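Computed from a predicted model, the values in this text were never measured in an experiment.
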Amino acid sequence: MIKILKYGEVDNKDIFARAVSDINVEEIVAEIIDNVRNNGDKALFEYCEKFDKAKLTSLLVSEEEIAEAMELVDDKFIEILEKAAKNIRKFHEKQVRTSFIINDEEGIVTGQKVIPVDRAGLYVPGGTAAYPSTVLMDSIPAVIAGCREVVMVTPPGADSKVNPVILAAAKIAGVTKIFKLGGAQAIAALAYGTESVPKVDKIVGPGNAFVAEAKKQVFGEVSIDMIAGPSEILIVADGKSNPKHVAADLLSQAEHDKMASAVLVTDSYDLAKAVSEELEVQIPVLEREEIARASIDNNGKIIVADTLDVSIEIANEIAPEHLELCVDNPFDYLDAIRHAGSIFMGRNCPEALGDYYAGPNHTLPTSGTAKFSSPLSVDDFVKKTQYTYYTKSALEKVARDVEYFAKKEGLTAHAKSAVIRLED
């Protein structure tokens with residue numbers, strides 16, 4: 001049963017405690033990365049057979065396989081995927097940055113160019129569940145950014161095939177190439193390249209502990225989006241909230257993973273008690289009952305605060321991945337929320353809207369990193385470079401200032417490079 005904690009009456013370390021994984025995969029992942037780096041496709045084929053039980057003859061998903069997948073997925077789901085993709089595109093197109101030029105002084109031009117990375121790599125999990133939503137969320141911003149190639153990796157089944165809904169989502173989103181790869185070996189292939197898999201410039205997407213550790217280890221060779229922790233939801237709700245709705249929303253994240261965190265912060269003890277009771281009604285009927293039960297019992301909590309304002313301050317300190325604001329006038333409180341990956345406003349906005357359909361990205365900072373990190377966006381797939389141009393007369397006006405500044409730092413060659421042109 002979920003814990004109910006009264007803020008101010010229990011130690012703050014219990015209020016703000018987070019689930020911590022004790023799985024240490026560092027050495028295993030390092031060995032996998034080294035093997036892929038040295039042996040390329042040979043290592044990848046061996047890992048596919050070992051971990052996915054798939055004996056592959058090609059790592060690349062063919063056009064025929066993609067066409068077959070489009071036929072296998074029902075028309076209704078294709079229609080929904082296309083609607084979701086449209087919403088995601090509409091939202092992310094607003095994020096596109098433009099280059100700029102400053103030319104307000106005679107003889108001087110400065111500016112900034114916004115340039116997409118050449119090749120983006122997307123990791124899409126497989127295993128117990130297929131996530132076409134992740135395909136849309138991770139690839140559409142890369143396509144909008146203008147990446148020349150969008151390369152996706154996702155593990156095959158024992159039949160050597162990729163789940164058709166994953167391939168259908170990739171086709172709708174505009175993914176360029178798809179490879180049958182999962183785990184740390186997939187990250188290594190994207191980071192270093194092999195005979196089949198091209199080396200990418202940035203890797204994004206969620207995964208298990210092995211994938212997260214691999215992303216950590218290859219960072220620097222390539223860029224990454226973030227090191228994602230377990231899924232999190234925090235709901236700030238007042239006493240007028242429907243306990244059935246709140247419990248259902250908590251379980252929407254608890255069913256992800258036994259390490260997932262589902263937290264309710266409320267100013268109403270009556271709501272806290274009602275939600276606790278409702279969780280016990282809803283958990284037994286879930287298909288992923290065992291996972292949700294472990295998440296709620298081990299990592300779930302209900303925090304009762306004196307006021308809604310205090311509830312929001314608690315939420316800011318936790319800085320959750322997903323934050324639901326279940327109150328009548330949510331926009332009155334929006335400015336008070338400083339730290340959250342994504343905010344869901346009002347009583348009719350379940351977090352699942354954001355997972356699949358609304359448009360804002362669902363790849364979000366976890367484990368409190370929302371205090372300094374942002375959701376995945378078009379910005380993740382671009383870089384910026386800057387330029388400077390001075391005419392001879394413009395340089396002559398400032399060269400002595402540059403010389404003086406450089407000498408203050410003891411860098412006389414810097415100083416000379418500015419004034420030597422005055423001698424010509």
Interatomic spacing from [atom1] in [X] to [atom2] in [Y] - rounded to 0.5 Å:
X      : Y      : atom1 : atom2 : value
Glu321 : Gln253 : CD    : CD    : 6.0 Å
Arg288 : Ser295 : CZ    : OG    : 11.0 Å
His362 : Tyr356 : NE2   : OH    : 9.0 Å
Ile318 : Arg18  : CD1   : CZ    : 7.0 Å
Phe344 : Leu325 : CZ    : CG    : 12.0 Å
Asp138 : Asp225 : CG    : CG    : 7.0 Å

Is the shortest heavy-atom distance from the side chain of [X] to the side chain of [Y] under 4.5 Å?
X      : Y      : answer
Tyr192 : Val218 : yes
Ser139 : Val175 : yes
Thr134 : Pro206 : yes
Pro141 : Asn361 : yes
Glu213 : Ile33  : no
Leu44  : Gln185 : yes
Thr363 : Met226 : yes
Asn35  : Tyr47  : yes

Closer than 3.5 angstrom, by distance alone: can the side chain of [X] be matched with the main-chain N or O of [Y] as a donor-acceptor pair?
X      : Y      : result
Ser223 : Phe219 : no
Asn12  : Ile15  : no
Ser241 : Cys326 : yes
Ser367 : Thr369 : no
Asn87  : Tyr357 : yes
Thr266 : Ala237 : yes
Asp380 : Ser377 : yes
Ser99  : Val114 : yes
Asp201 : Arg119 : yes

For residues [X] and [Y], report the shortest heavy-atom separation together with the two atoms involved.
X      : Y      : result
Ala186 : Val153 : CB-CG2, 3.9 Å
Tyr123 : Pro155 : OH-CD, 4.3 Å
Pro116 : Gly146 : CG-O, 3.5 Å
Ala319 : Ala370 : O-CB, 3.8 Å
Gly239 : Asp267 : N-OD1, 3.8 Å
Leu181 : Pro156 : N-CD, 4.2 Å

Can [X] and [Y] be counted as an ion pair, charged N to O under 4.0 angstrom?
X      : Y      : answer
Lys6   : Asp306 : yes
Arg347 : Asp238 : yes
Glu403 : Lys407 : yes
Glu313 : Arg338 : yes
Lys216 : Glu26  : no

One pair to check against salt bridge (Lys or Arg N to Asp or Glu O under 4.0 Å): Lys86 and Glu82. What are the steps and the verdict? CA-CA 6 Å; Lys86 180 180 178 182; Glu82 289 175 341; over 6 Å; no

Just say parallel, tilted or perpendicular for the rings of Tyr131 and His256, cut-offs at 30° and 60°.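 Answer is tilted, since the angle falls between 30° and 60°.
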
Let me see the working for Lys180 and Glu65 under salt bridge (Lys or Arg N to Asp or Glu O under 4.0 Å), right down to the final yes or no. CA-CA 12 Å; Lys180 301 174 183 179; Glu65 288 175 291; 2.7 Å; yes

Is it the case that the side chains of Asp41 and Thr194 hold a donor-acceptor pair, with the cut-off being a distance below 3.5 Å and no angle test?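 There is such a pair between these side chains.
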
Mind checking side-chain contact (heavy atoms from CB on, under 4.5 Å) for Ile102 and listing every partner two or more places apart, or none if nothing turns up?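 Listed in chain order: Phe100, Asp104, Thr110.
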
Could you go through Glu317 and Lys371, starting from their C-alpha distance and side-chain angles, then the distance that decides it, and tell me whether this counts as salt bridge (Lys or Arg N to Asp or Glu O under 4.0 Å)? CA-CA 9 Å; Glu317 181 59 31; Lys371 288 187 175 180; 3.2 Å; yes

Test salt bridge (Lys or Arg N to Asp or Glu O under 4.0 Å) applied to Asp14 and Lys301, step by step: CA-CA 10 Å; Asp14 295 322; Lys301 66 185 77 168; over 6 Å; no

